[in-house]
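Worksheet: one structure, shown below.
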Protein chains: 2
Amino acid sequence: MTGLTRRQKKLLDFISAHQERTGMVPTLREIAAYFGFKSKTGAVNHVKLLRQKGVLESQPRRARSLRVVSPLERFRKRTVDIPLLGSIPAGFGEDRVQEARGCVTIDVQSLGIKPSPVAFALEVKGDSMIGKHIAPGDLVVIEPRAEPKTGDVVAALIDGDSTLKTYMTRNGKPYLKAENPCYPDLIPARELVIQGVMVALIRKR
Amino acid sequence: MTGLTRRQKKLLDFISAHQERTGMVPTLREIAAYFGFKSKTGAVNHVKLLRQKGVLESQPRRARSLRVVSPLERFRKRTVDIPLLGSIPAGFGEDRVQEARGCVTIDVQSLGIKPSPVAFALEVKGDSMIGKHIAPGDLVVIEPRAEPKTGDVVAALIDGDSTLKTYMTRNGKPYLKAENPCYPDLIPARELVIQGVMVALIRKR
DNA sequence: GGTCATAGTGTCCGCATGGACACTATACCA
DNA sequence: TGGTATAGTGTCCATGCGGACACTATGACC
């Protein structure tokens with residue numbers, strides 16, 4: 001990986017950056033133009049070398065077929081975009097994406113599951129789930145299309161607000177409970193709307 | 001978003017899938033070939049419609065310039081690939097990527113920072129940091145190029161193994177401590193190698 | 001001084017690719 | 001019954017694009 005000259009590294013960086021920015025890999029001419037080459041062949045030679053060194057791949061005679069090969073390549077999984085919602089309105093429309101406040105992009109491997117298109121993320125407020133080590137400020141990913149099982153953490157609509165609770169059954173009846181001794185109440189689950197099951201959590205810092 | 005016919009949705013899915021798989025968007029002819037169209041124009045028309053409906057974008061006369069526009073588009077940030085290491089060897093080489101066990105892909109927004117190229121992820125073992133709500137099985141992202149500050153969680157090499165501790169100072173001297181009453185020891189920080197500062201945490205399920 | 005790898009210029013070719021146009025078929029809807 | 005939107009075939013064109021070839025220049029190494 002360190003067998004690259006400075007120039008070659010610049011080229012690789014440009015290709016990556018261009019892909020991030022525009023969603024497509026640059027053509028040889030675009031590369032040449034960026035570096036001020038008066039001839040395309042400069043770029044061609046660089047790409048040839050980078051391909052020999054194994055950090056680039058391409059398919060012959062196909063437009064924009066370059067691919068940056070990273071050592072992590074073989075581990076990479078599909079990524080998904082999950083809307084980060086500020087709050088969940090009572091209505092259960094499909095199109096809550098409109099009200100997104102942000103977007104969480106993560107690979108399905110780290111997420112643990114492939115979420116359905118209606119999955120969403122929430123920021124945790126309050127410490128009612130601290131007993132399950134879910135802290136204020138954490139992002140939780142909620143999957144509505146999952147049947148809650150005993151012990152699962154679920155998001156429920158309580159007093160018009162989304163709240164996290166643990167799902168459990170007692171005497172065959174479902175209840176929700178907070179994971180904090182300060183809130184010992186058990187809430188009968190059928191009195192409210194369960195919005196989904198927590199499938200993952202992301203905490204920064 | 002629901003103004004799409006089944007056929008159009010299939011097309012959009014194929015474009016996304018092709019991009020995921022090969023890293024590049026399909027050409028019009030590749031689309032036509034996939035769906036068994038005998039003429040390219042079928043694909044052309046579909047793409048035209050999808051563009052009118054705002055779910056596709058493209059630049060005129062440029063190869064493979066299609067882009068799937070999602071409602072989350074405006075929120076999407078750059079993503080980074082972070083190697084998931086099984087264990088961290090004592091040696092502090094730059095090239096630990098080789099020993100990666102997996103790869104965590106996540107957007108920098110959710111991660112909180114843009115990690116340096118030497119950042120890595122670890123799976124938490126044991127409950128020594130449970131007081132900070134870091135549980136066994138969690139993935140933590142470690143940034144070596146960050147100066148630990150008081151209260152930060154750091155990864156330190158203790159007895160040849162990577163362990164999470166809280167960084168703190170007492171009488172001007174740095175110490176590490178576990179966040180679990182069962183492990184009350186304070187360890188003088190200068191006796192060991194601090195591998196980096198925890199910047200994020202990911203928990204599945 | 002000779003050899004080799006990197007780094008470029010300039011030019012040509014062939015095909016892959018996007019795009020337009022004319023025409024057909026099948027629904028659905030008022 | 002006719003109009004409109006979707007879905008598709010067949011053909012032609014201009015050009016974007018990858019690739020090869022010949023040639024030059026500049027270092028580093030021995």
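Chain naming here is simple, since letters A, B, ... match the order of the sequence lines and numbering starts at 1 in each.
- Rounded to a whole Å, the CZ atom of B:R6 is 14 Å from the C1' atom of D:dA7.
- Closest to the side chain of B:Q8, out of D:dT6, D:dG19, C:dG19, is D:dT6.
- A:S58 and A:R67 share no donor-acceptor pair across their side chains, judged by distance under 3.5 Å alone.
- One can place CD1 of B:I15 at 11 Å from P of C:dG18, the figure rounded to the nearest angstrom.
- For the OP1/OP2 pair of C:dA7 and a distance below 4.0 Å, the side-chain nitrogens and oxygens of A:T5 include at least one atom meeting the criterion.
- Going from atom CD of B:Q59 over to atom C1' of C:dG19 covers 15 Å, rounded to whole Å.
- Terminal axes of the helix from C:dG1-D:dC30 to C:dA30-D:dT1 (five pairs each, C1' rotation axis) are separated by 30°, to the nearest 10°.
- The closest side-chain donor-acceptor pair between B:S110 and B:D107 falls under 3.5 angstrom.
- What separates CZ of A:R64 from P of C:dG18 is a distance of 10 Å, to the nearest Å.
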Shorter than 3.5 Å, N or O on both sides, protein versus nucleotides 3-5 of chain C: list them out with atom names.
none

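- Look at CG on B:L66: it is 10 Å from C1' on C:dG18, rounded to the nearest Å.
- Using a cut-off of 4.0 Å between Lys/Arg side-chain N and Asp/Glu carboxylate O, A:E30 and A:R64 are scored as salt-bridged.
- The NZ atom of B:K48 sits 15 Å away from the C1' atom of C:dT17 (whole-angstrom rounding).
- Counting to the nearest Å, the C1' atom of D:dT6 and the CZ atom of B:R51 are 17 Å from each other.
- Ring-plane geometry between B:F35 and B:F14 is classed as perpendicular, the angle between the planes exceeding 60 degrees on a 0 to 90 degree scale with a lower cut at 30.
- When the P atom of C:dA7 is taken as reference, atom NZ of A:K53 falls 8 Å away, rounded to whole Å.
- Using a cutoff of 4.0 Å between basic side-chain nitrogens and carboxylate oxygens, A:D152 and B:R205 are scored as salt-bridged.
- No hydrogens or angles were tested; on distance alone, nothing pairs the side chain of B:R61 with the base of C:dG19 as donor and acceptor under 3.5 Å.
- Looking only at atom types and distance, the side chain of B:D81 has a donor-acceptor partner in the side chain of B:T105 under 3.5 Å away.
- No more than 12 heavy-atom neighbours from other residues, nucleotides or ligands sit within 6.0 angstrom of NZ on B:K9.
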When you compare the protein's N or O atoms with those of nucleotides 8-12 of chain D, which come within less than 3.5 Å of each other, and at what distance?
{"unit_1": "D:dG8", "atom_1": "OP1", "unit_2": "B:R7", "atom_2": "NE", "d": "3.0"}
{"unit_1": "D:dG8", "atom_1": "OP1", "unit_2": "B:R7", "atom_2": "NH2", "d": "2.9"}
{"unit_1": "D:dG8", "atom_1": "N7", "unit_2": "B:N45", "atom_2": "ND2", "d": "3.3"}
{"unit_1": "D:dT9", "atom_1": "OP1", "unit_2": "B:K38", "atom_2": "N", "d": "3.2"}
{"unit_1": "D:dT9", "atom_1": "OP2", "unit_2": "B:K38", "atom_2": "N", "d": "2.9"}
{"unit_1": "D:dT9", "atom_1": "OP2", "unit_2": "B:S39", "atom_2": "N", "d": "3.4"}
{"unit_1": "D:dG10", "atom_1": "N7", "unit_2": "B:S39", "atom_2": "OG", "d": "2.8"}
{"unit_1": "D:dG10", "atom_1": "O6", "unit_2": "B:T41", "atom_2": "OG1", "d": "2.3"}

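- Judged by distance alone, the side chains of B:Q195 and B:S162 do bring a donor and an acceptor atom under 3.5 Å apart.
- Inspection of the B:Q8 and B:K53 side chains reveals an N or O donor paired with an N or O acceptor under 3.5 Å.
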